[in-house]
Participant: 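Attaching a single structure in structure tokens format; questions to follow.
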Amino acid sequence: MTSNNGSPTGTARHGGVSPYLSSRIFTLRFTSTPRGARLARRLVAVRLEEWGVPYGTEAHETVVLVAAELAANAVRHGHVPGRDFQLLLRVADGPPSVARIEVGDTRTERVPPRPGRLPEAELAEGGRGLLLVEALADRWGWCPRLRAPGKTVWAECALT
């Protein structure tokens, strides 16, 4: 696991939080294992608390659940042996305050469907995590990574 709290993930081209708003950023690489996904979820929860989004609030629980699902998907569907996944959490102040979660993995050939196009057949056998993300996040999507192989799946949740 490697920390780089000020570095973007290289996915800025897909809209989202305005760079002109004040924001707090947390980014870290995790081993692509269930333990890495659990640690990512826990650190998102701790960081939100430190940034004034208290435990037990709807906003806190929503962001943590979305981050947990994206991290679990990176481990389950984006795992490449010997490669980590990267999580970025950005909370932008300003009306409205928004949390953006980005999870990047190095698997290029397995990509999620576009938002609003989750296939029913796949959901019957698994894949309910993206259903949760779609239901809880205000926006979500994915894009190819710019500086490395793979993709980044992102979601944005209003904190109000």
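Values in this document were obtained by computation on a predicted structure and should not be read as measured data.
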Participant: Output the distance between atom CH2 (Trp51) and atom CG (Leu159), rounded to the nearest 0.5 Å.
Facilitator: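 CG of Leu159 is found 10.5 Å from CH2 of Trp51.
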
Participant: Excluding sequence neighbours, so at least two apart, what forms side chain to side chain donor-acceptor pair (under 3.5 Å) with Arg110?
Facilitator: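 His77.
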
Participant: Could you tell me which residues satisfy ring-ring contact (aromatic ring centres under 6.0 Å, His included) with His60, sequence neighbours excluded, listed by chain and number?
Facilitator: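 So His60 forms a ring-ring contact (aromatic ring centres under 6.0 Å, His included) with Tyr55.
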
Participant: Among residues at least two apart in sequence or on other chains, which ones pass side chain to side chain contact (heavy atoms under 4.5 Å, CB included) with Ala72?
Facilitator: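 Ala72: side chain to side chain contact (heavy atoms under 4.5 Å, CB included) contacts with Arg76.
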
Participant: Mind checking what makes side chain to side chain donor-acceptor pair (under 3.5 Å) contact with Glu58, not counting sequence neighbours?
Facilitator: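 Listed in chain order: nothing, the list is empty.
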
Participant: side-chain hydrogen bond (donor to acceptor under 3.5 Å, both in side chains), that's the test. Do Glu156 and Trp140 meet it? Break it down for me.
Facilitator: CA-CA 6 Å; Glu156 293 179 349; Trp140 76 277; over 6 Å; no

Participant: In chain order, what residues pass the salt bridge (Lys or Arg N to Asp or Glu O under 4.0 Å) check against Glu109, with sequence neighbours excluded?
Facilitator: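 Checked Glu109 against salt bridge (Lys or Arg N to Asp or Glu O under 4.0 Å); matches are Arg107.
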
Participant: Can you give me the closest heavy-atom contact between Gly116 and Glu134, atom names plus distance?
Facilitator: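 Nearest heavy atoms, Gly116 then Glu134: N-OE1, 2.7 Å.
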
Participant: Can you tell me if Thr106 uses its side chain to pair, donor with acceptor, with the backbone of Arg83 under 3.5 Å?
Facilitator: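 Side chain of Thr106 to backbone of Arg83: no pair is present.
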
Participant: Would you name the heavy atoms of Gly104 and Arg145 that are closest together and state the gap between them?
Facilitator: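 What the structure gives for the nearest pair is C-NH1, 3.9 Å.
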
Participant: Are any non-hydrogen side-chain atoms of Val153 and Asn73 less than 4.5 angstrom apart?
Facilitator: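 With C-beta onward as the side chain, the pair stays apart.
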
Participant: What residues form a side chain to side chain donor-acceptor pair (under 3.5 Å) with Thr33, not counting sequence neighbours?
Facilitator: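 Thr33 satisfies side chain to side chain donor-acceptor pair (under 3.5 Å) with Thr31 only.
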
Participant: Just verifying a value: how many Å separate Arg139 CZ and Cys157 SG, rounded to the nearest 0.5 Å?
Facilitator: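 It is 11.5 Å, given to the nearest 0.5 Å.
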
Participant: Is the shortest side-chain heavy-atom distance between Leu43 and Phe30 below 4.5 Å?
Facilitator: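 Counting from C-beta outward, Leu43 and Phe30 do come under 4.5 Å.
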
Participant: Would you check if Ser23 and Arg100 make a side-chain contact, meaning some heavy-atom pair closer than 4.5 Å?
Facilitator: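 SC-SC contact between Ser23 and Arg100 ruled out.
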
Participant: Nearest 0.5 Å please: distance from the CZ atom of Phe26 over to the CD atom of Glu50.
Facilitator: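 The CZ atom of Phe26 sits 9.0 Å away from the CD atom of Glu50.
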
Participant: Looking at residues at least two apart in the chain, or sitting in another chain, which of them share a side chain to side chain donor-acceptor pair (under 3.5 Å) with Arg24?
Facilitator: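 For Arg24 the side chain to side chain donor-acceptor pair (under 3.5 Å) partners, ignoring immediate neighbours, are Asp93.
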
Participant: Give, for atom CG of Leu48 and atom CG of Leu89, the distance between the pair rounded to the nearest 0.5 Å.
Facilitator: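 Answer for the CG-CG pair, Leu48 versus Leu89, is 5.5 Å.
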
Participant: When you look at Ile101 and Leu88, which way does the side chain to side chain contact (heavy atoms under 4.5 Å, CB included) test go after all the steps?
Facilitator: CA-CA 6 Å; Ile101 307 104; Leu88 177 134; over 6 Å; no

Participant: Can Thr152 and Trp142 be said to form a side chain to side chain contact (heavy atoms under 4.5 Å, CB included), step by step?
Facilitator: CA-CA 5 Å; Thr152 298; Trp142 67 271; over 6 Å; no

Participant: Who pairs with Ala71 by side chain to side chain contact (heavy atoms under 4.5 Å, CB included), at least two apart in sequence or on another chain?
Facilitator: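 Here the qualifying residues are Ala37, Ala40, Phe85.
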
Participant: Would you call Val44 and Leu87 a side-chain contact if the rule is heavy atoms closer than 4.5 Å?
Facilitator: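 Yes, side chains in contact.
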
Participant: Any side-chain heavy atom of Pro34 within less than 4.5 Å of one from Val75?
Facilitator: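 Side chain of Pro34 against side chain of Val75, heavy atoms only: contact under 4.5 Å found.
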
Participant: Please identify each residue that fulfils side chain to side chain contact (heavy atoms under 4.5 Å, CB included) with Pro81, with sequence neighbours left out.
Facilitator: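 Once residues adjacent in sequence are excluded, the partners of Pro81 under the side chain to side chain contact (heavy atoms under 4.5 Å, CB included) criterion are His79.
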
Participant: Does Arg47 pair with Glu49 as a salt bridge, N-O distance under 4.0 Å?
Facilitator: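 Salt bridge: no.
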
Participant: Under 4.5 Å between any side-chain heavy atoms of Pro144 and Thr108, yes or no?
Facilitator: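 No - every pair of side-chain heavy atoms lies 4.5 Å or more apart.
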
Participant: Does Gln86 use its side chain to pair, donor to acceptor, with the backbone of Val103 at less than 3.5 Å?
Facilitator: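 Flag not set: sc Gln86 to bb Val103 has no pair under 3.5 Å.
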
Participant: Please name all residues satisfying side chain to side chain contact (heavy atoms under 4.5 Å, CB included) with Leu136, sequence neighbours left out, ordered by chain then number.
Facilitator: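 Leu136: side chain to side chain contact (heavy atoms under 4.5 Å, CB included) contacts with Thr62, Leu65, Val66.
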
